[in-house]
Number of protein chains: 2
Amino acid sequence: MSAKRTSLKDIAQEAGVSTALVSYVLNGKEKESRVGPEIAAKIRAIAIALNYQPNHVAKSLRSGKTQTIGLIIADISNPFFANIARIVEDEAKRNGYTVIIGSSDENADKSRDLLNVLINRQVDGFIIVSAEDSAEQVQLLKEKNIPFVLLDRYFPDMQTDFVSTDHYRAAYDGASHLITNGYRRIGMIAYKSAMFHMQERIRGYQDALKDGGLPFQKGYLKKIRFTHIEQEAKVAIDELTKTDKPVDALIFATYGLAINGLIYLNEQKLNVPDDVAIVSFGQAEAFDLYYCPITYLKQPIDLLGQTSVSLLVKKLKESPKEPAQILMNAELVARNSSKPKLIRQI
Amino acid sequence: MSAKRTSLKDIAQEAGVSTALVSYVLNGKEKESRVGPEIAAKIRAIAIALNYQPNHVAKSLRSGKTQTIGLIIADISNPFFANIARIVEDEAKRNGYTVIIGSSDENADKSRDLLNVLINRQVDGFIIVSAEDSAEQVQLLKEKNIPFVLLDRYFPDMQTDFVSTDHYRAAYDGASHLITNGYRRIGMIAYKSAMFHMQERIRGYQDALKDGGLPFQKGYLKKIRFTHIEQEAKVAIDELTKTDKPVDALIFATYGLAINGLIYLNEQKLNVPDDVAIVSFGQAEAFDLYYCPITYLKQPIDLLGQTSVSLLVKKLKESPKEPAQILMNAELVARNSSKPKLIRQI
DNA sequence: ATAGTCAGCTTAATCGTTTAAGCAAATAGG
DNA sequence: CCTATTTGCTTAAACGATTAAGCTGACTAT
């Protein structure tokens, strides 16, 4: 049977003092609280001898702070989010916080559930990668004055703190890169979503085409449903490639779309980049393994994660004034999948 | 400013009763505690009206249970663990538990830190994918009577609950598969590790060779250090392929080894499976993306995760008797990377 | 009439901490 | 020597819930 954990009371008893003194000493408040140096030393010694470990739950109840951060992401098994989670975990730990991760599956209901569970668990604040239709939840957090930072996705018409990639610019850069390298019929596969980040990626793609002197063709932009990604990705690719004017390059708006798309391109024996060049969002080992390494827009994951944590921690400590809104640039990592187009020799 | 959360006391006040009654009613103990039906209804109505949400922290302090599970894994950004984490998260939620995930980086010190942090946070129990040299930590948990279940890795000479893949058999199956398909010079790249699961994978490989009539050749088994995976994987592959008796097939003992190895094979223009066939542990989208889909040993991740949670939950509820020790089989998913060897035509 | 039972509530302790307030003794200031 | 101040400690409330124990009044049984 495990011996009971030692509490402040145990130490107090052993030292023959009140628990108050023990608390003061172990929290380093001996000066302010005028604790005698000998007794302080004694208390510390006993604490070590009894291997005292403070009870976090009691602390939390008393202080109203749990030193816990809720991280809401779409799905921890998606590498982008897993990497984010890892960074957030590490950074939070450095700041004395523990992270509870919840996967929303891009689903507003699950997201709401998660928020409620974590609010009941008294997390001090949230880092949220918002799901579709979750604006109202975010609004609620604001009203309830629960600290949070939005990560990578934000609502342009809501005043909130956020740390995000500049999705517009990333997409613009990706498309421009393809144009520069000689591609002229550039398609995009995106999600059918009202989320701002997705709109921005699409807008960036469109603007780049326009600025590159290529008229935007409606048929080259395919929007598919997250919930039916596998089937619809195939259909989209068929429609883009099996026509008399097939695309010569393709931008995948997310990692998930890329995975599905690339597998299907393989099945269809479409060669990258000769049949179709690729630029993708997201980043993962998978892109290195493809026979033709995939050009991708590298989001500053480390910085995103770290900044969101430090922003939140700052909010928790100092309480807010102005919301901080931070945009970061994705870096285009050019690989063979988008190499300069060879002039076709007949 | 957010209104204060409503507590039992608020409801009690509003209803003009004591907090005890409120507690009884809201916990469905009105029968045993002989609460009058009208007042019970009133209390319930007020609770709803005030949107009462129980304070989990207070509950935990009182009960000594936090309804929280600590999940210790090597690295959440590794897809195998990310998938495990996802399953565990979902299954735990179904059982009313919240999961706190910590990444140990296969490092005993970090693992110990994590355990301590989570013990102080009063998690009710642990699910642990043990890191190297962490046997003593596990032993400590046992002695402290802290409930835990080992996941996918266990210590054969320690009596603990565990849920694990049968690593020996998986490796045996993988190697046998290669033999069946005509490969004769089968190498393996594994980690240099005393961990039992790694030893088992190696043993399975060796026994399969033996049983297949192939003498085990020491030079075909390469053990590299986890901490130097990138360099040493390259060296190992060079040594296995750039000799007068190069391997014709290769087993990667983990997902991480596979990723590094496959990328290097690509760089070296070694063709899979013509130059070298591949069987790998782990599973990931990456294997589907490779130009030649990779044969892998599919660990029963869902079942592993679910079983470990339900085992732990059972331990938490009913308290233990005999430890449960569960081995599960990995499924060999045969793909092109290990297709029957073509007889070389000269 | 009188004790016993029971329904329906309240009281108060408890979990482990923190911390404002208070008290007694020692010291300082004049 | 007498009053302030300081020093070093204790007391007790509080955080929000749970729950054993007790209290009161009504009803039952004899």
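The chains referred to below are lettered A, B, ... by the order of the sequence lines, with proteins before strands, and numbering in each begins at 1.
Note: CG (A:Asn27) to P (C:dT17) measures 10 Å, nearest angstrom. Protein atom NE2 of A:His56 is 11 Å distant from nucleotide atom P of C:dT17, rounded to whole Å. Remark: C1' of D:dT19 and CG of B:Leu21 are 12 Å apart, rounded to the nearest angstrom. One atom, CD1 of A:Ile11, and another, P of C:dT17, lie 8 Å apart when rounded to the nearest Å. Whole-Å rounding puts the A:Gln67 CD to C:dT17 P distance at 16 Å. Rounding to whole angstrom units, CD1 of residue B:Ile119 and C1' of C:dG16 are separated by 18 Å. One atom, NZ of B:Lys29, and another, C1' of C:dG8, lie 18 Å apart when rounded to the nearest Å.
No donor-acceptor pair under 3.5 Å is formed between the side chain of A:Asp90 and the backbone N or O of A:Ile87. Listed for the A:Asn107 side chain is a donor-acceptor partner under 3.5 Å among the backbone atoms of A:Asp109. For the pair B:Arg121 (side chain) and A:Thr66 (backbone), a donor-acceptor distance under 3.5 Å is present. Judged purely by atom type and a 3.5 angstrom limit, A:Gln122 has no side-chain atom pairing as donor or acceptor with the backbone of A:Gly64.
Against DNA chain C, the stretch residues 30-42 of chain B makes heavy-atom approaches under 4.0 Å through B:Arg34, B:Val35, B:Gly36, B:Ile39.
Salt-bridge annotation for A:Asp113 and A:Lys110: absent, with no side-chain N of the basic residue lying under 4.0 Å from a carboxylate O of the acidic one.
Under the 4.5 Å side-chain criterion, counting only non-hydrogen atoms from C-beta, A:Met328 is not in contact with A:Ser164.
Between B:Ser7 and D:dG16 there is no side-chain N or O to OP1 or OP2 distance below 4.0 Å. Close to D:dG16, at under 4.0 Å from its OP1 or OP2, lies no side-chain N or O of B:Lys59.
Each of B:Val88, B:Leu151, B:Ile127 was scored for a side-chain contact (heavy atoms from CB on, under 4.5 Å) with B:Leu304, with one residue passing: B:Leu151.
The base of C:dA7 is not paired with the side chain of B:Tyr24 by any donor and acceptor separated by under 3.5 Å.
More than 12 heavy-atom neighbours from other residues, nucleotides or ligands sit within 6.0 angstrom of NZ on A:Lys142. Applying the 6.0 Å contact sphere to NZ of B:Lys93 captures more than 12 heavy atoms from other residues, nucleotides or ligands.
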Please list, pair by pair, any protein nitrogen or oxygen found under 3.5 Å from a nitrogen or oxygen in nucleotides 12-15 of chain D.
residue : atom : partner : partner atom : Å
D:dC15  : O2   : A:Arg62 : N            : 3.4

For nucleotides 25-27 of chain D, tabulate all protein N/O to nucleotide N/O atom pairs closer than 3.5 Å, reporting atom names and distance.
none

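Between B:Phe126 and B:Phe148, the distance separating the two ring centers is not shorter than 6.0 angstrom. Taking the six-membered ring for Trp and the full ring otherwise, B:Phe155 and B:Phe196 have centroids separated by 6.0 Å or more.
At the heavy-atom level, A:Val17 lies under 4.0 Å from the strands shown only through sugar-phosphate atoms.
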